[in-house]
Amino acid sequence: MAEKQHLYLVDGSSYIFRAYHRLPPLTNPEGTPVGAVYGYTTMLWKLAKDLHQADGPTHLAVILDKSGTSFRNELYDAYKANRPPAPEDLVPQFPLIRDATRAFSLSCIEEEGLEADDMIASYAREAARQGWDVTIVSSDKDLMQLVGPSAGGGYIDMLDTMKNQRIDVAEVVEKFGVQPELVGDVLALMGDSVDNVPGIRGVGPKTATKLIQDYGDLESALAAAETMKPSKMRERLLDEADMARLSRLLVELKQDCALPLPLESFRLTEIPPAPLADFLRTHGFSSLLRRIDATEGTSPPAPAATGGVDSAPTRAASAGDRQEAPVMPPVDRSLYTCIQSLPELDAFLARAFATRSVAVDTETSALDAMQADLTGVSLALGPNDACYIPLGHGGTDMFAEKPQQIPLDVALARLKPLLESDTVLKIGQNIKYDLNVLARYGITVFPVDDTMAMSFALNAGRSEEGIGGGHGMDEQAERHLGHTTIKFKDVCGTGRSAISFAEVPLDRATEYAAEDADVTWRLHSILGNQLHDEGGTRIYERVDRPLIPVLAQMERHGIKVDREQLARLSSEFAERIGGLEKEIHALAGSEFTIGSPKQLGDVLFDRLGYKGGRKGKSGQYSTDQSVLEKLAGQGAEIATKVLDWRQLAKLKSTYTDALQAAINPATGRVHTSYSLVGAQTGRLSSTDPNLQNIPARTEIGRRIREAFVAEPGNVLLAADYSQIELRLAAHMADVPSLKDAFAKGEDIHARTAEEMFGMVDRDTRARAKTINFAILYGISRWGLASRLGVEADEAQAMIDRYFERFPGIQRYIVATLEQVRECGYSETLFGRKTWFPRINAKNQAERQGSERAAINAPIQGTCADIIKRAMARMMPELRAAGLGHIRMLLQVHDELVFELPENDVDAARPVIARVMNDAAGPAIRLDVPLGVEIGTGKNWDAAH
DNA sequence: CAGCTCACG
DNA sequence: GACGTACGTGAGCTGT
């Protein structure tokens, strides 16, 4: 039987655009940018390598766009008219793409007057007609029309090499909600802003899919517009039907182009090495070059980087000059070693000392760094040069035979000098975790770099949704290395059947753990260069990096909570909750689950017939605080009771119960975990438990704060920045009258009231305060109106008045939005970037949401930068004052909490106040003074 | 796992 | 034409 032919058609042009944006900048020895070319070359390499593999190519051709116009421009002269020009450092790479293709001795097709898509479609159809399978190497959505079985017996699918994902009918249906044959109809409705395909205005992917699903195809949907209920969409479908038809022609792929070369000429053979080697040498792609040499037997394969552009581990951001961008060999797990004897360990450590830069990762028995036991340590010195040192493997069964391992204490004694050496940089992904684990074994790791914090300094706000915000190692490995890591759950499983890492067999554990260190090392090398290129060094080096050991220390300190006090509150709350429950059920006339908004809504608005129920998009009544307060105001007793019940239930479950459970049995204290990458603005976040949202605003809530206490003989000291965000707004927006008021120590809300209303009383001051906050958060007339309980018109008048009195504020807002629209990011005074990818979104709500966030981010972020700087300087300054024993425990955005002997309060106060007040300088000289209020007491509430 | 609600700055 | 309308978080609960 004849071999099944499989043609791979590479969409070269679209690949390099994507590669350009996703790969690090990189230049060849002559200084020509070659980042995208490198990506393209490795892709061809991988594809060609799969010759003889099941489902691999037997034939391969590259299709490129030829510059110039196509037949589509005759249909629609604006076609692709608003394409931005290619980036400056991509342009010189286009001809190199042809060189690269030639170097692989592959065919390259480009035809005047046709687009690559048409040529790809024509070749794909012809090959499939002859019974060949076809894989289109592209992620272009237009090409998805072709996917599926074809007349003649061939089958067409696609391969997205960036995401390493096959695109088959199922993926197309998932993306477009319709079969591939109807993709063109969907595209015609939604249009394409990049290609300037008009579509129907106001119709995006969601609506387009829905229309085609509902009516079957484009013409039916257009015809059905007549019968639709009156709406903007109906009008546009009617008015713009011809635009949709034109769009349909534009997205139609021409599948009968003349084929310049016969299919058979694309047959893939072993690549002749000589021209390829020449090309790789010219552009400094030495890792690929070595692989050719290796297969040719001219030089041994090199597992670790030893020279050329592959080398040079860099002290990321502190390096004065940008390092040559690394071209790294792909991850090869077979090269990792498992270290089970002392001589092996000593040999590796000796090399680590010589290298002066080592990626470190610890494997442990639990996620909580304060409770986790060490299971092993992995180290990496360069790409594929990584090891795993098992230390606690053997599982839980004491009779089971344990694998050979260096005894824990012996190994740690050898590791300690390396991990504590000033001259060896330790690189980690979220290294704060490893710092805390190792600190519990008596090792103070220093100095460190953190690839997670580096990623955040570069890309805050840039990622799509997801835990870790795109700064997790697995996501970074995909993004920067194009590498799919082994996942923890693949090694240990999930749920009930999960095993601990200690039970994982050593060969598997080594692959996983050493890969983490390897990948971390690689990321560090790439991120260091990017930080340098993109101006992220300042914020990372000066603000976030120094904070890592400080936060680790705070987490290890923890804070004491009075378990008995919490238990007393829990039972008191339980009793009151029970009482309220009975009363609520009696008022309702039946028993129901009060904690279920669904049931509560039904009871209040359907059964009891209260007015004012509003339903959200889920079709459910809202029962939130503002709704219940309205009902209570109308005399609904049940609403008052539910509000009380809610408050107590919240306090009990989230605080009095949960905090008792959070007490660490070994230390008797509660240890939170701070995240440096938790908030897009640069603020910290706190988890497990969250100690940044302990009740403070209500009387009853503050009783929970009273349970946070100092050790006997000590007190808690709370130091707050006073109105720091408003002060920063006054400085950043340059508002003379506000700056003046702060300089004179006046009541700022009163001053605002005076400016706005010409008089100060309780009412005008309260309104002024609301308006001040509205400004910080990005104002809308509706938001302000609902807060002030006035009409939107009146709120708008107040906003106008505010901008009139404080024109600097309006200038600041306009300038900030301009910069964000232009550059895509906002910046704090210290240069922290926050990205706003939705700032130019078509959807109004989405766009306006981004605008408000963008107005707020520089202010909130600058505040975060300042307190972080204060925290990094705090302990050295206290030590200098002979107060090194004071413990800094908590940070709550504008507040620091310390624990110290009662006798040291008087000495500590001025030091803490000075460090916090001076934290912006010397880098930034603020036009307004900062203000710090300090209180002390036996518990956190009393310290305020 | 999503949605609702609510604790904080 | 309806929606949602202040910025930034994390956590517990209900219900699918």
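What you see is a predicted model; the values in this text were computed from it and never measured. Quick note on labels: first sequence line is chain A, next is B, and so on, each numbered from 1.
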Rounding to an integer number of Å, can you tell me how far A/Gln848 CD sits from C/dG4 P? 14 Å
Side chain to side chain contact (heavy atoms under 4.5 Å, CB included), paired with A/Asp544, selected from A/Leu676, A/Asp865, A/Leu551: A/Leu676
May I ask you to say what A/Glu725 touches in the nucleic acid, namely base, sugar-phosphate or nothing, with a heavy-atom cut-off under 4.0 Å? nothing
Mark up nucleotides 11-16 of chain C, 5' to 3', with B wherever a protein heavy atom is under 4.0 angstrom from a base atom, S wherever such an atom reaches only the sugar-phosphate, and - elsewhere. BSSSS-
Atom CH2 of A/Trp645 to atom P of B/dC6: distance rounded to whole Å? 10 Å
Judged by nearest nucleotide, the residue sitting upstream toward the 5' end of DNA chain C, A/Ala845 or A/Ala854, is A/Ala845
Can you identify which nucleotide, out of C/dT9, C/dC7, B/dA7, has its nearest atom closest to the A/Gln647 side chain? B/dA7
Ordered by number, residues from residues 782-793 of chain A within less than 4.0 Å of DNA chain B (heavy atoms) are none
Once you round it to whole Å, what is the distance between P of C/dC3 and CZ of A/Arg847? 20 Å
Separation of atom CG in A/Asp720 from atom P in B/dG9, rounded to whole Å: 9 Å
Considering only side-chain heavy atoms of A/Arg852, which listed nucleotide, C/dA6, B/dG9, B/dA7, is closest? C/dA6
List for me each residue that meets side-chain hydrogen bond (donor to acceptor under 3.5 Å, both in side chains) alongside A/Thr698, sequence neighbours excluded, and say none if there are none. A/Gln647
May I ask you to say what A/Thr770 touches in the nucleic acid, namely base, sugar-phosphate or nothing, with a heavy-atom cut-off under 4.0 Å? base
Looking at the side chain of A/His893, which of C/dT5, B/dG9, B/dC6 is the nearest nucleotide? B/dG9
Under 3.5 Å for both donor-acceptor distances, Watson-Crick or wobble: does B/dC8 have a partner, and if so which one? C/dG8
